[in-house]
Amino acid sequence: MSVAKKTRYTSVSDLKQAGLLPGCDSHAYEDLAGRYAVGVNAQVERTLAGTDNPLLDPVGRQYLPSPEELKVLPEELGDPIGDLPHSPVKGIVHRYPDRVLLKISNICAVYCRYCFRREMVGPGQDVFSDDDLEAALGYIEATPAIWEVILTGGDPLVLSARRLEDVLSRLNRISHVQVVRIHSRVPVADPQRITDTICNVLKSSGRPIYLVIHINHAQEITPEVEVALAQLRAAGCSLLSQSVLLKGVNDDPAVLESLFRRLIGLHVKPYYLHHPDLAVGTGHFRVTIERGREIMRALQGRLSGICLPRYVLDIPGGYGKVPVEHSYAVLLDEGRYVVEDIDGNLHFYPPRVEAADG
Ligand code: SF4
């Protein structure tokens, strides 16, 4: 009798058996088992097929656990971007006046090793119940300043079509909510979930839907991903992308150039390049802000503006997201600026002179 091949690996031992952790030191990996959620699916496995060492592959490195995760640095935090201090009710993060996060799922299709919410997502975490949803929607309804609702998690597109439809239709009934944004890894990491049913739900939303896909490397764009993106576009979604700058995955201008050009070719506007957050056990993924700026400067010179995302940092502690790109214009004295061109040459920009009266 043949044994059916697994299509999803959720533990270190599963991954070992599948040959996805070659040459690993079993003791170190045993210590890691159960510490953070593991999730590798058939889509990721197909992307890794034929790779010499999946642990060194830019896609494998994003999903395959490493004993480096056991190294906890003093600056690392369980809630690195400060969701909790800005959570008036469960599932809501209200950091900026005109928008809220609505964390409707704590489950993901896959589990990223650098996840900024790794202490909050995965099986066994506190579920978001129907009562929690009622309370969260009640908060949105009672807060007229909220113009945009951002569905996030976990991953909102792992929910059933019926649950998603319910949430969207109820948001649609709140007149001050004018825009819905969805942050999801699913179109890239599990594109088969983008079914006609899900697309019909998105299409029938009464509000513009901005879908921000999470993607870090051009190797993740398989033919299945291209189909999913085309379906989402046909469903009327505006497509944006967010990437995390990750050591050993995409900390190279040529790698990001290739990713951003591919995305624009698929009608996806690169939106954010995140500086990695101070999540516990993710130090091996972090680069310096200086390195991030160098990469963005290299891209500034050679990529069309439509390909360029904003390079942003979420300030630890919950103080919000700000651009941390290199500044090309520096104020000198008396309103004069010195401005740097893309080749590094400096030019003066004059102060504004008021026209004399009369
Ligand atoms: S999909 Fe997002 S929330 Fe889920 S593990 Fe990856 S980074 Fe974390």
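Here the structure is a predicted model, which is why all the values come from computation and not from measurement. Order of appearance sets the numbers: ligands from 1, and atoms from 1 within every ligand.
- Around atom CG of D52, no more than 12 heavy atoms belonging to other residues, nucleotides or ligands sit under 6.0 Å away.
- Contacts classified as side chain to side chain donor-acceptor pair (under 3.5 Å) and involving residues 156-167 (residues at least two apart or in different chains) are given here: D130-R163.
- Atom OH of Y328 has more than 12 neighbouring heavy atoms from other residues, nucleotides or ligands inside a 6.0 Å radius.
- Annotation: side-chain contact (heavy atoms from CB on, under 4.5 Å) contacts of R336 (sequence neighbours excluded): L332, D333, F348, P351.
- Distance check: H94 NE2 to D83 CG gives 13.5 Å after rounding to the nearest 0.5 Å.
- For the side-chain hydrogen bond (donor to acceptor under 3.5 Å, both in side chains) test, no residue two or more places apart in sequence or in another chain qualifies with S87.
- At a cut-off of 2.8 Å, measuring from atom 6 (Fe) of ligand 1, the protein N, O or S atoms that fall short of it are C112 SG, waters left aside.
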